[in-house]
Participant: 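This is the structure I want to talk about, given as structure tokens.
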Amino acid sequence: MARLAGIKLFKGLDIDLAPIEARANWRRFDPEEVLVDFDEPSTDVYFLLSGEVRVLMRTASGKEVILHEMRPGDLFGELAALDGVPRSANVTALTRGEACVMPAAVFKELLFSHQPVAERLFCLMASRIRELNARFMEQTVLDLRHRLYSELLRLSSPRQDRSGERVITPPPFHHIVAARIGCRREQITREFTMLTQEGLIERTRGALILRQPDVLKARVAEAMQTDH
């Protein structure tokens, strides 16, 4: 079975990936290793086979904003492969893992010769643009508190054993949440304290539990209407 068969872009498609894999490279990486950095001229596309990575942007003053965290099955680097422009983000490993590194020419050949792959890539890019648009809107319209509520909802998933509750596993570090929504760690700590006192969140050893996610959703919706 092809090693790329588990990648979301190819999963379930009737494509012989062996010739493609033969023209790609395989890279193992360690935690905190930089896979792609800002303004690099490289144009390879990375397919995550194992491990997790973080995608972030950095201002000239050194302030960082986290865009995504990616897991096995995900890909990154497709923008540089398509337009040849230097890298716009940094990608750093969070864990040990392995990636398939595909040259831009091979990637584009694959897209142009297999319409289902191209369609999946278009849908992936569209979903990323929609998410960035939503975050841009929140950054423009919402204050810190409501941006935090929205980000917690986005990071969470339904809790299986409790109806209505949502959970973030593992619990996020305060400085990471701050880098996601563009504020300081101390502000996040203060807001988390208030949310805990209200009974809206609870931090356990392995997770952050959103006790009443509907309340957070309602507050975000109201803030969107009132334009803080």
Side-chain angles (χ1 to χ4, degrees), residues 1-38 40 42-58 64-82 87-111 114 116-128 131-132 151 154-160 167-173 175-177 179-180 205-208:
M1 183 177 176
R3 298 189 70 193
L4 288 175
I7 298 295
K8 294 173 186 175
L9 204 61
F10 312 122
K11 206 165 190 177
L13 298 181
D14 186 18
I15 297 174
D16 182 8
L17 293 169
I20 300 296
E21 292 186 356
R23 299 167 65 190
N25 300 305
W26 310 89
R27 176 175 173 178
R28 294 183 180 277
F29 53 83
D30 294 315
E32 299 185 15
E33 184 174 336
V34 175
L35 302 181
V36 168
D37 209 356
F38 304 100
E40 265 185 21
S42 64
T43 56
D44 295 332
V45 181
Y46 287 70
F47 299 91
L48 270 184
L49 303 173
S50 62
E52 298 182 9
V53 301
R54 174 173 291 140
V55 184
L56 57 83
M57 300 189 77
R58 186 182 297 131
E64 295 180 344
V65 177
I66 295 172
L67 296 181
H68 303 287
E69 270 146 14
M70 296 189 171
R71 294 173 173 78
D74 290 335
L75 74 144
F76 59 89
E78 72 283 353
L79 294 183
L82 293 174
R87 304 289 188 180
S88 58
N90 167 286
V91 182
T92 299
L94 295 174
T95 66
R96 186 171 284 106
E98 185 179 13
C100 172
V101 186
M102 186 179 294
V106 178
F107 180 67
K108 288 195 281 190
E109 182 182 318
L110 179 61
L111 288 181
H114 295 89
V117 177
E119 288 178 349
R120 284 192 181 181
L121 181 68
F122 295 154
C123 289
L124 170 66
M125 295 176 74
S127 69
R128 288 182 181 174
E131 181 182 339
L132 287 172
E151 189 65 23
R154 187 160 35 236
L155 290 172
S156 65
S157 56
R159 192 178 182 190
Q160 294 181 348
V167 63
I168 304 173
T169 308
F173 292 111
H175 72 280
I176 297 298
V177 178
R180 282 182 167 275
R205 186 174 180 181
L208 180 71

Participant: In the structure I gave you, are the side-chain heavy atoms of Glu69 and Val55 within less than 4.5 Å of one another anywhere?
Facilitator: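 No, their side chains stay 4.5 Å or more apart.
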Participant: Do Leu82 and Thr43 have side chains that get closer than 4.5 Å, going by heavy atoms?
Facilitator: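 Contact flag for Leu82/Thr43 side chains = no.
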Participant: Does a side-chain heavy-atom distance below 4.5 Å link Asp44 with Tyr46?
Facilitator: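 Answer yes - side chains close enough.
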Participant: Sequence neighbours excluded, which residues qualify as salt bridge (charged side-chain N to carboxylate O under 4.0 Å, His left out) partners of Arg154?
Facilitator: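 In terms of salt bridge (charged side-chain N to carboxylate O under 4.0 Å, His left out), with neighbours along the sequence ignored, Arg154 is linked to Glu138, Glu151.
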Participant: Determine yes or no for a side-chain-to-main-chain donor-acceptor pair under 3.5 angstrom, with Thr95 supplying the side chain and Glu52 the backbone.
Facilitator: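 Yes: the side chain of Thr95 pairs with the backbone of Glu52.
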Participant: Distance from Leu132 atom CG to His68 atom NE2, nearest 0.5 Å?
Facilitator: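 So the gap between those two atoms works out to 5.0 Å.
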Participant: Heavy atoms, side chains only, cut-off 4.5 Å: are Val167 and Leu208 in contact?
Facilitator: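 A side-chain contact under 4.5 Å is absent here.
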Participant: Going from CG on Leu67 to CZ on Arg128, what distance comes out if it is rounded to the nearest 0.5 angstrom?
Facilitator: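 Here the interatomic distance stands at 10.0 Å.
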Participant: In terms of the angle between their ring planes, are Phe47 and Phe107 parallel, tilted or perpendicular, with boundaries placed at 30° and 60°?
Facilitator: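 Taking Phe107 first and then Phe47, their aromatic rings sit tilted (interplane angle of 30° to 60°).
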Participant: Taking the side chain as everything from C-beta on, heavy atoms only, tell me whether Leu155 gets closer than 4.5 Å to Arg180.
Facilitator: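 The answer is yes; the side chains approach within 4.5 Å.
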Participant: How long is the span from the OG atom in Ser50 to the CZ atom in Phe29, to the nearest 0.5 Å?
Facilitator: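 Taking OG in Ser50 and CZ in Phe29, the distance rounds to 6.0 Å.
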Participant: Run through Arg96, Arg27, Arg28 and flag the one making a side chain to side chain donor-acceptor pair (under 3.5 Å) with Glu33.
Facilitator: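 Among Arg96, Arg27, Arg28, the one that satisfies the side chain to side chain donor-acceptor pair (under 3.5 Å) with Glu33 is Arg27.
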Participant: Hey, are the side chains of Leu121 and Leu9 touching, using non-hydrogen atoms and a 4.5 Å cut-off?
Facilitator: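 Leu121 reaches Leu9 side chain to side chain.
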Participant: Give, for atom CD1 of Ile7 and atom NZ of Lys11, the distance between the pair rounded to the nearest 0.5 Å.
Facilitator: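 It is 9.5 Å, given to the nearest 0.5 Å.
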Participant: Indicate yes or no: at least one non-hydrogen side-chain atom of Leu94 is less than 4.5 angstrom from one of Val53.
Facilitator: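 A side-chain contact under 4.5 Å is absent here.
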Participant: Is any side-chain N of the basic residue among Arg87 and Asp37 closer than 4.0 Å to the acidic one's carboxylate O?
Facilitator: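 Judged by the 4.0 Å cut-off on N to carboxylate O distance, Arg87 and Asp37 do not form a salt bridge.
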Participant: List the atom of Leu4, the atom of Cys100, and the distance in Å for their closest heavy-atom pair.
Facilitator: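 Closest heavy-atom pair between Leu4 and Cys100: CD2-CB, 3.7 Å.
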Participant: Salt bridge or not for Glu32 and Arg54, using N-O below 4.0 Å?
Facilitator: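 Judged by the 4.0 Å cut-off on N to carboxylate O distance, Glu32 and Arg54 do not form a salt bridge.
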Participant: Distance-only, no hydrogens or angles: does the Glu21 side chain make a donor-acceptor pair with backbone N or O of Arg3 under 3.5 Å?
Facilitator: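 Indeed, once roles are kept as given, a pair shorter than 3.5 Å links the two residues.
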Participant: State the CZ-NE2 distance between Arg120 and His114, to the nearest 0.5 angstrom.
Facilitator: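 So the gap between those two atoms works out to 12.5 Å.
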Participant: For Pro172 versus Val177, what's the shortest heavy-atom pair and its separation?
Facilitator: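 Closest heavy-atom pair between Pro172 and Val177: CB-CG2, 3.7 Å.
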Participant: Could you measure the distance from the CD1 atom of Ile20 to the CZ atom of Phe10? Nearest 0.5 Å is fine.
Facilitator: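 Ile20 CD1 to Phe10 CZ: 7.5 Å, rounded to 0.5 Å.
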Participant: Quick check: closest heavy atoms across Pro103 and Ala24, and the distance to 0.1 Å?
Facilitator: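 Closest heavy-atom pair between Pro103 and Ala24: CD-CA, 4.3 Å.
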Participant: Counting heavy atoms not belonging to Phe173, are there more than 12 under 6.0 Å from its CZ?
Facilitator: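 No, CZ of Phe173 has 12 or fewer neighbouring heavy atoms, counting only those of other groups under 6.0 Å.
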Participant: Between Val34 and Val91, is there a side-chain heavy-atom distance shorter than 4.5 Å?
Facilitator: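 SC-SC contact between Val91 and Val34 ruled out.
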